[in-house]
Structures are given as C-alpha cells and as structure tokens.
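Inspection log for the structure reproduced underneath, given as structure tokens.
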Amino acid sequence: MEGVPEQASWPDDFLCPISLEVMTDPVILPSGHTFERRSIQRWLDGGHLTCPVTNLPLPPSPPLIPNHALRRLIAAVSPAAVSAEKLRAGECQGAAPTSPSSVLGLLRLAKSGAAGRREVLESGAVSALLQHAAAGDEAAAKALVYLSLDGDDARVGLVADGAVDALCAAVSGGGAAAAHAATALTSLATVGVNKCTIGAYPSAIPALARLLRLGGARERREAATTLYELCKLPENRRRTVRAGAAPALVELAAAGSARAVEVLGLLAKNREGRHDLSRIPDIVPVLCSVAGSGNARAIDQALVVLNWICSESDELAMEAIKLGAFQLCEALVNDDSCKIAKNAVELARTLEKA
C-alpha cells in the first residue's frame, strides 16, 4: 500500500507469525505469543489445539486477549496500516492517511511520555532503532535519547541490547545523528556499570575524541559532555588521554566551554593525563584566560589544572607567573566561592615554589 513502509522494514514483533503480515488487531494466546486475530482464529477453527509458534497444547477454546500496547505502537508507527484494515472492514470512509516512516512513529511515541517509552521498550522495536541509528538516522538516534530517560533499568537494558555499538557507529559517522548519539551515550553513562561497559568498548572513546576534533560546535559540545560523564571513572581518563582528546579539549576550553575545562580537571587527576596536558602548546595561556574570565565552574577547574601541571613543571609555573597568575590568585582568594578561593591559595603556593 502506498505510504506504508515495506514489509521488510518492520520489526519482527509487528508481524503475525502465521501470515507474516503487519498486525492490525493483535491478540495474545495463553502461550504468551501474539498473532493477528483473523489468522489465529482460522488456525483454531481448523481444529488445531496447539500454539503455532511453540507447538505446545492450548486449553479448550483459548481466550484471545487484545494486545493493546502493541496495537497502539503499530498505529503510532503507521496509522495507515490500521486505517487500511478499517477500510477493508467498512469501518471508516475515505482514503487512509499518509504514513510517516516507522522510525518517526517510534520517535513520536518515545517523546510522548513514560507510557510511550515503555511501549517502545517492550515492543521489540529497539533493535530496529539501533540499526537505523547505526546507519546515521537522526530520528532513530533522537528516539534512543528519549528511551534512555526511562530510568536506570532502561539504560542498562539498552546497553545489553547493543546500544553502545550502534551509538558509536552513529558518532563515528558524524552528521546530524552524531550529536544525538553522543547525548544518548551521556544518558546511558549516568549508570555506574555503564560507564565501565561503554569505556571498555574499543571504539567508544576514540569515536568521541574524533567528534571532539572534527565535529561542528554542537557535536563537540555533546562529545565533551559524554567524556565528562565517562571520565568520572578513573579507567576512562587514561583511555581518553590515549585517544588524543586532550588537545581538542584545550581548544574547546579556549572557545569558552566550561564542560571542556571540567574534563581537563578530571584528566589532570591522572599522572598520564598531567603529562599529556603539560605538553600541549598554549595550555597555560588558555587556563589563565579561563581563570580570569570564565564562569565559576570553569574558573574552579582551570585553577585545579594549573596547580596540577605547574606543580610538576617549573617551566610551566614560570610561564604562568609571567602571564599574571600570581595577581589572578590574589584577586580570587576573596571570591565568594570557597572552592575557588581555596584553589587560588593552593595555586599561589605552588607558584611560590617555582
């Protein structure tokens, strides 16, 4: 039918196991499997006493329970599929409405609220979204962002379903889907076990580092946010340094990104990270500039990173002094933020030893 997605593009769970067509009136057998009502009724009327899928025996006159969740999901993905059935049954007049793609329908359902997200998660349609996202489909990547908002169980479940592979492919592919894929990874990484799982993927942090270097403004911002969440786990700080993300983070910090400075603050907690940071040209001028004019979060972390690298390099400490770091510390010791004042005092003490 015109406007309805090709059969091969539908998730398997949308297809009746008997007719292999998209279901318009799905019902559940006592065996737990879902079928198109007309197809399973013909099966039962033919004298069959077993489930067509499992071949297990069924009770006499088994009840056919409407699968409302799946029916609403199919209708959201393609209203034309349900409307077409109504037309054939004489339930409505006029032409079936134009159908959006299945991915756009899933996106709308995921955006509709908690109930819609659960319908998508429980329908078996996640695998289709992952395939589309991996191929660079922006709508699929956005849908995964919304699904990841359904709580920690959903986040762990998405990772178990293979979301990391698909999202890393989307990040690597760049384009419109990359920023949404990075946002989805950030959401997944808010769960502790997922930080470890995502970081251990060979392609995850390198893909984010490439996006940080080569992406547009939004993509770079989202990549920095994802790395910030991942680098709360110490093992991921080493992986981020080895992926070559530090120079791009310094460049982004120079452009005014407080999040990039926060990631640098996490990397500086690692000895390998400090060594890598100390070799980046212009890192001291960038951090001094941020400490002098950034927002509170950026100022705090810029002071921390300066203190770390200057404590291990007299050369960098002297460069900071020449750029007025002492005077900056004197101005910040009376800052309203106790953390900024404390970090300014510690940096001044480090510079005095140089």
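Each residue takes its place number in the sequence, starting with 1.
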Is [X] linked to [Y] within one hydrophobic cluster, defined over Ile, Leu, Val, Met, Phe, Trp and Tyr using a side-chain heavy-atom separation of less than 4.5 Å?
X	Y	answer
Ile309	Phe326	yes
Leu70	Leu121	yes
Leu306	Ile299	yes
Val156	Leu144	no
Val305	Val345	no

Taking every non-hydrogen atom, the tightest pair across [X] and [Y]:
X	Y	answer
Leu267	Ala246	CD1-CB, 4.4 Å
Ala182	Leu208	CB-CD2, 4.3 Å
Ala181	Ala141	N-CB, 4.1 Å
Gly244	Arg213	O-NH1, 3.6 Å
Ile205	Ala243	CG2-CB, 3.9 Å
Asn295	Ala258	ND2-CB, 3.6 Å

So, does [X] use its side chain to make a donor-acceptor pair with the main chain of [Y] at under 3.5 Å?
X	Y	result
Arg220	Leu214	no
Thr197	Val193	yes
Arg155	Ser148	yes
Ser289	Pro285	no
Glu36	Thr24	yes
Asp161	Ala163	no
Thr190	Thr186	no
Asn236	Lys195	yes
Ser187	Ala184	no

Distance-only check: which donor-acceptor pairs under 3.5 Å involve side-chain atoms of residues 347-354, not counting sequence neighbours?
unit_1 : atom_1 : unit_2 : atom_2 : d
Thr350 : OG1    : Asn307 : OD1    : 2.4
Thr350 : OG1    : Glu346 : O      : 3.1

- Check step by step if side-chain hydrogen bond (donor to acceptor under 3.5 Å, both in side chains) holds for Arg221 and Ser257. CA-CA 8 Å; Arg221 232 177 12 250; Ser257 170; over 6 Å; no

- Are His33 and Pro17 side-chain neighbours, meaning at least one heavy-atom pair lies under 4.5 Å?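 No, every pair of side-chain atoms sits at 4.5 Å or beyond.
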
- Query: Tell me, which pairs form a salt bridge (Lys or Arg N to Asp or Glu O under 4.0 Å) where one or both residues lie in residues 285-307, sequence neighbours left out?
  - Reply: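 Residue pairs with at least one partner in residues 285-307: Glu262-Arg297, Asp300-Lys339.
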
- salt bridge (Lys or Arg N to Asp or Glu O under 4.0 Å) contacts in which one or both residues fall within residues 232-244, not counting sequence neighbours: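 Salt bridge (Lys or Arg N to Asp or Glu O under 4.0 Å) check on residues 232-244 returns Glu229-Lys232, Arg242-Glu272.
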
- Task: Not counting sequence neighbours, which residues clear side chain to side chain donor-acceptor pair (under 3.5 Å) with Gln41? List them please.
- Result: Asp45

- Report the residues that fulfil side chain to side chain donor-acceptor pair (under 3.5 Å) with Asn194, sequence neighbours left out, ordered by chain and then residue number. none

- Item | Separation between SG of Cys288 and CG of Leu303, rounded to the nearest 0.5 Å |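 Cys288 atom SG to Leu303 atom CG measures 9.0 Å (nearest 0.5 Å).
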
- Task: Output all residues satisfying side-chain contact (heavy atoms from CB on, under 4.5 Å) with Ile18, sequence neighbours left out; order by chain, then residue number.
- Result: Cys16, Phe35, Ser39, Ile40, Trp43, Pro52

